[in-house]
Amino acid sequence: MRIDKFLHAMRIGTRTQVRRLIKDGQITTNGEPVISGKQQINPGSDVVCLDDVQVRYQEYFYYVMNKPLGVITATTDSSAKTVMDLFNKTDFRDDLFPVGRLDKDTEGILVITNDGALSHALMSPAHHVTKLYEAEVTGEITAEQLATFNAGITLKDGTLLKPAEAELVAFHEIENFTTIRIAIHEGKYHQVKRMVGTLGERVVELKRIKFGSLALPIGLLAGNYRALTDDELQALKADAEQPVAE
Ligand code: URA
């Protein structure tokens, strides 16, 4: 692998910043100064240092994002802004992708990684992690209506859903809308919106507030992201190993 690519992939800096670090003699491999970004290295065995501090090889990267409204959950799109467009130049890698998807008009917690095995384990039907949504719904929804989701409902197109847990947060009488929370254990297309549709009402705002054991971090503004902490990553890996309760 080229040393400049390695340094950029390890988020040492943008491509321009990496070029500058090499030019300024701040990078060594196995104790020898690097003079060209084209120099090949073996990331697993060569010791690369920036100002005598080792740049350790990291294969996988994990981020939590507060997805804002109006961007699509995809890696690329010819016209629409994607969640990957929210990454800065240092953190962006073209192998990163979102785990699962949120609609364009849904906001909230989204995990982004380049770890395909973890993503697969989190989303596979055998382990599918629980996802908690908060929704603003037209009209008054009662706790009794929400209880119908407990047994698993059939959507209008005949799709049979697994049992879900829903709770009433508040009915806003003057504005005539209800705040509810729904935990689901699968990821059917527009699932929450279609579940609410079976009650004859409509979701007007939808936010995912929990993904497995990972809650939307307090203070992470819509459109921002940060790396997962080690504890968060371990918790997510444990979620991925948890068999789905039938
Ligand atoms: N359910 C929906 O309807 N939309 C989402 O984005 C996620 C769950």
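This chain uses plain numbering: 1 for the first residue, then up along the sequence. Just follow the structure's listing: the first ligand is 1, and inside any ligand the first atom is 1. Remember, predicted model here, so these are calculated numbers, not experimental data.
Only the side chain of Leu206 comes within 4.0 Å of ligand 1, judged by heavy-atom distances. Counting heavy atoms under 4.0 Å from ligand 1, residue Val192 touches it through both backbone and side chain.
Side-chain N/O atoms of Asp239 and Ser213 include a donor and acceptor closer than 3.5 Å. Checking Asn224 against Asn66 by side-chain atom types alone, no donor-acceptor pair falls below 3.5 Å.
Where the criterion is an N or O separation shorter than 3.5 Å, residue side chain and backbone included, Asp103 meets it with respect to ligand 1. Considering backbone and side-chain N/O of Arg194, none are found under 3.5 Å from N/O of ligand 1.
Under a 4.0 Å criterion applied to the non-hydrogen atoms of Thr106, ligand 1 contributes the atoms 4 (N), 5 (C), 6 (O). Taking every heavy atom of Gln191 and a limit of under 4.0 angstrom, the matching atoms of ligand 1 come to 1 (N), 2 (C), 3 (O).
Comment: Asp105 engages Lys193 in a salt bridge, judged by a side-chain N to carboxylate O separation of less than 4.0 angstrom. A salt bridge does not link Arg93 with Asp91: none of the charged nitrogens is closer than 4.0 Å to a carboxylate oxygen.
For the pair Glu165/His185, a side-chain contact is recorded, criterion being any heavy-atom separation below 4.5 Å from C-beta on.
Ring planes of Phe87 and Tyr63: perpendicular class, angle over 60° (limits at 30 and 60°).
At least one heavy atom of Tyr133 sits under 4.0 Å from some atom of ligand 1.
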